[in-house]
Amino acid sequence: MLTVCCTHAPLTFPLAYIGHDHPRELQIKLDTVNAIYSDDDEHYALEGVQAMAEWATIRPPGMGFVFLGEGDLPFGVSMWHQIDCLNHIRIIMVQGEPPTGQTRHCFNYLRQALMCNGDIVLDPGGSSQIAPGGGTIAPTTHSSHTCRDWRQVYKYMADEHEKWTPEQKEVQQEVVRDTIHAPPAGLDVE
């Protein structure tokens with residue numbers, strides 16, 4: 001179910017970072033870039049050693065979290081939550097495990113994110129490409145999509161992570177413990 005909420009309480013300045021008195025988004029201006037989607041068989045595959053390494057390191061330092069306000073409150077950035085969810089679903093598929101409550105959360109979270117972003121670019125119709133392993137898929141090439149530049153978000157978060165105190169690192173580790181946001185076992189990420 002989609003709950004549409006179109007009103008937001010006006011923010012007070014300076015922000016108190018109490019309750020909902022915080023910005024809805026990171027306060028950075030993002031450029032837009034044009035991207036042509038392609039089926040990349042080399043990177044971010046479903047399975048394999050390289051795929052595991054790429055998916056484990058796609059997030060910026062800090063695992064998608066920032067600290068805001070004078071009280072250093074932790075916030076997760078939705079884009080990285082979405083990446084974590086996609087990776088969680090990938091792992092469930094590859095390992096052939098039954099869906100969990102986390103899987104259902106991720107499936108709905110990604111559905112809502114896709115609906116929210118409402119990409120209305122027209123893809124050519126028809127099923128004219130042969131998929132690896134047989135079957136046909138709709139072509140996804142030659143359609144230019146206008147995207148927010150995710151590289152700027154990554155850089156901003158990496159730069160902010162450089163400023164983290166040991167206490168902030170401890171808080172972040174506690175926040176993600178036992179969630180899909182936790183780094184894979186044995187992976188040292190900072």
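Throughout, residue positions are numbered sequentially from 1 according to the sequence presented. What's counted below: heavy atoms across the whole structure, side chains too, no hydrogens, waters or symmetry copies.
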- Can F75 and H22 be said to form a ring pair (Phe, Tyr, Trp, His ring centres under 6.0 Å), step by step? CA-CA 10 Å; F75 291 87; H22 58 79; 4.9 Å; yes

Please give me the minimum heavy-atom distance between [X] and [Y], naming the atom from each residue.
{"X": "I36", "Y": "S144", "answer": "CG1-CA, 4.1 Å"}
{"X": "V66", "Y": "L26", "answer": "CG2-CD2, 3.9 Å"}
{"X": "F67", "Y": "Q168", "answer": "CZ-O, 3.1 Å"}

- Task: Over 60° means perpendicular and under 30° means parallel, so classify the ring planes of W150 and Y154, tilted if in between.
- Result: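 It falls in the perpendicular class, over 60°.
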
- Begin from the C-alpha positions of E160 and M157 and carry the test side-chain contact (heavy atoms from CB on, under 4.5 Å) through to its verdict. CA-CA 5 Å; E160 287 298 307; M157 296 187 75; 5.6 Å; no

- Kindly check if the number of other-residue, nucleotide or ligand heavy atoms within 6.0 Å of CD (E70) is above 12?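 Result for CD/E70: open.
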
- Query: Nearest 0.5 Å, what's the CD1-NE2 distance between I58 and H43?
  - Reply: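 It comes to 11.5 Å.
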
Under 3.5 Å, is there a donor-acceptor pair between the side chain of [X] and the main chain of [Y]?
{"X": "N87", "Y": "I83", "result": "no"}
{"X": "E54", "Y": "Y44", "result": "yes"}
{"X": "Q172", "Y": "W164", "result": "no"}
{"X": "W55", "Y": "A45", "result": "yes"}

- Message: Starting from L114, can I reach M79 by hopping between I/L/V/M/F/W/Y residues whose side chains sit under 4.5 Å apart?
- Response: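 No, separate clusters.
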
- Task: In plain terms, say whether E25 and R148 are close enough for a salt bridge, that is, a side-chain N and a carboxylate O under 4.0 Å apart.
- Result: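 The answer is yes: the pair qualifies as a salt bridge.
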
- May I ask you to check whether D119 and H145 show a side-chain donor-acceptor distance below 3.5 Å?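 Short answer, yes.
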
